[in-house]
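Just follow the structure's listing: the first ligand is 1, and inside any ligand the first atom is 1.
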Amino acid sequence: MLIKRDKWLQYRIFRSRPSLAGRLPQTQLLKKNTLSKMLLQYQSVVLKPRNGSYGRDIVFIKRNGANAYRIHNEQNAVTMRDTDKILKWLRKKNSTHGYIVQRRLQLAQIGHKPFDIRIITQRKKDSSSPWNVTGSYAKVAAQGYLVTNVTSRTIPVLEALNLARIGDRSLLVKAERIALLAAKRLGERYPKLRQVGFDIGIDRKHRIWIIEGNYQPDLRPFRLLKDSSMQRRISWYKKH
Ligand SMILES: Nc1ncnc2c1ncn2[C@@H]1O[C@H](COP(=O)(O)OP(=O)(O)O)[C@@H](O)[C@H]1O
Ligand SMILES: [Mg+2]
């Protein structure tokens with residue numbers, strides 16, 4: 001089944017659950033006033049196309065003194081003086097599609113590269129069957145990138161937590177629990193949904209955040225892991 005990718009809709013679905021609301025970085029639909037407001041509230045924000053972009057059209061903005069903003073997109077960075085200029089530039093770059101503006105998380109890093117984790121949740125064909133975590137890995141951003149879609153490395157989550165010195169299995173278990181709650185919420189909304197691949201961020205204070213849930217997650221990275229048990233479990237769930 002195909003569900004339209006819509007980050008704004010998904011944010012609102014999650015936000016309606018108190019147990020999930022605190023796991024979401026504050027988000028608004030991008031408008032002139034929401035951008036200004038968020039940039040007053042936070043030092044850094046992220047602009048993302050509502051319908052997803054595999055990391056490409058994501059823009060990071062950092063307040064830089066009173067009248068300057070540092071704009072970071074892919075490997076490029078420029079400085080702009082006001083939010084009007086930012087919005088104009090964005091319209092030129094990326095047609096008219098809607099954007100969201102989101103508080104930027106200070107993601108945990110491995111060797112100065114941010115990383116986040118992908119957690120796959122699945123359930124069997126019968127929509128009354130429970131959601132399970134069937135796989136996970138960590139995505140480390142490539143040199144110079146702030147998004148992890150362009151990765152330099154795909155490694156087991158426990159290895160990433162260890163390399164970043166931010167936690168151990170108990171942190172992974174906690175992240176998995178949050179992914180399961182989020183999967184459950186999406187499953188209520190979409191009864192035919194059977195798999196969700198979550199991007200889960202862990203910030204430098206070890207707090208866990210839901211970045212997004214993907215309805216068509218890329219499963220190829222599991223082939224890169226030495227341990228093939230997750231790949232087998234994921235395939236099993238797809239068939240049952
Ligand atoms: N609020 C944020 N703070 C810090 N990094 C973020 C934030 N949102 C996204 N990212 C980074 O950008 C990547 C892509 O964002 P995501 O919301 O997953 O969009 P896409 O649909 O392009 O995959 C994330 O995996 C994460 O590495
Ligand atoms: Mg993503």
Under a 4.0 angstrom heavy-atom cut-off, which atoms of ligand 1 come close to Asp199? 18 (O)

Count I, L, V, M, F, W, Y as connected when their side-chain heavy atoms are under 4.5 Å apart, and connections chain through other members. Are Trp131 and Ile119 then in the same cluster? yes

Closest protein heavy atom to atom 18 (O) of ligand 1, given as residue, atom name and distance to 0.1 Å: Glu212 OE2, 2.6 Å

Checking a contact table here: which protein heavy atom is nearest atom 26 (C) of ligand 1, and how many Å away? Asp116 OD2, 3.1 Å

Under 2.8 Å from the Mg ion (ligand 2), which protein atoms of type N, O or S occur, listed by chain and number? Asp199 OD2, Glu212 OE2

Side chain to side chain donor-acceptor pair (under 3.5 Å) between Ser229 and Asp227, intermediate numbers included: CA-CA 6 Å; Ser229 63; Asp227 176 2; 2.8 Å; yes

Nearest non-hydrogen protein atom, atom 3 (N) of ligand 1: Leu105 N, 2.8 Å

Counting only heavy atoms, tell me which of Val45, Leu47, Thr151, Asn149 gets closest to atom 14 (C) of ligand 1. Asn149

Looking at ligand 1, is there an atom of it that comes within less than 4.0 Å of some heavy atom belonging to Arg56? no

Side chains of Lys113 and Arg153, heavy atoms from C-beta outward: is any pair under 4.5 Å? no

Within the 4.0 Å heavy-atom cut-off, what Thr148 brings close to ligand 1 is both

Can you list the atoms of ligand 1 that are under 4.0 Å from a heavy atom of Ser53? 21 (O), 22 (O)

Quick one about Tyr11 and Gln102 (side-chain donor to acceptor, distance below 3.5 Å, no hydrogens or angles considered), yes or no? no

One finds that the ligand 1 atoms under 4.0 Å from a non-hydrogen atom of Arg5 are 21 (O)

Using every non-hydrogen atom in the two residues, find where Glu74 and Tyr145 come nearest and quote the distance to one decimal. CA-CE2, 3.9 Å

Does ligand 1 have any atom that is closer than 4.0 Å to a heavy atom of Gln106? no

Whether Phe14 and Phe198 hold their rings parallel, tilted or perpendicular, with breakpoints at 30° and 60°: tilted

Subset of ligand 1 atoms that lie under 4.0 Å from at least one heavy atom of Lys7: 16 (P), 17 (O), 19 (O), 20 (P), 21 (O)

Logged contact type for Gln102 with ligand 1, heavy-atom cut-off 4.0 Å, is side chain

Verdict with supporting geometry, Asp218 and Arg118, salt bridge (Lys or Arg N to Asp or Glu O under 4.0 Å): CA-CA 10 Å; Asp218 182 5; Arg118 170 57 59 91; over 6 Å; no

Check Asn214 against ligand 1 and report side chain, backbone, both or neither, counting heavy atoms closer than 4.0 Å. neither

Flag for Ser19-Arg185: side-chain donor and acceptor within less than 3.5 Å: no

Counting from 1, what ligand 1 atoms have a heavy atom of Arg104 closer than 4.0 Å? 1 (N), 3 (N), 4 (C)

Linked, directly or transitively: Met38 and Leu47 (ILVMFWY side chains, under 4.5 Å): yes

Are Arg123 and Tyr190 in a cation-pi setup, meaning NZ or CZ lies under 6.0 angstrom from the ring centre and within 45 degrees of the ring axis? no

heavy-atom search around atom 8 (N) of ligand 1 in the protein gives Lys48 NZ, 2.8 Å

Any idea which protein heavy atom is nearest atom 15 (O) of ligand 1, and the distance to it? Ile58 CD1, 3.4 Å

Enumerate the atoms of ligand 1 whose separation from the nearest heavy atom of Gly52 is less than 4.0 angstrom. 21 (O)

May I have the list of side-chain donor-acceptor pairs in residues 155-173 shorter than 3.5 Å, sequence neighbours left out?
from, atom 1, to, atom 2, distance (Å)
Asp168, OD1, Ser170, N, 3.1
Asp168, OD1, Ser170, OG, 2.8

In the protein, which heavy atom is nearest to atom 22 (O) of ligand 1, and how far is it? Gly55 N, 2.6 Å

Protein residue, atom and distance nearest to atom 12 (O) of ligand 1, heavy-atom basis: Val147 CG1, 3.3 Å

Which protein heavy atom lies closest to atom 10 (N) of ligand 1, and at what distance to 0.1 Å? Phe60 CZ, 4.3 Å

Number the atoms of ligand 1 from 1 as they appear, then name those within less than 4.0 Å of a heavy atom of Arg103, with their elements. 1 (N), 2 (C)

In terms of hydrophobic clusters joined by side-chain contacts under 4.5 Å, are Leu186 and Ile117 together? yes

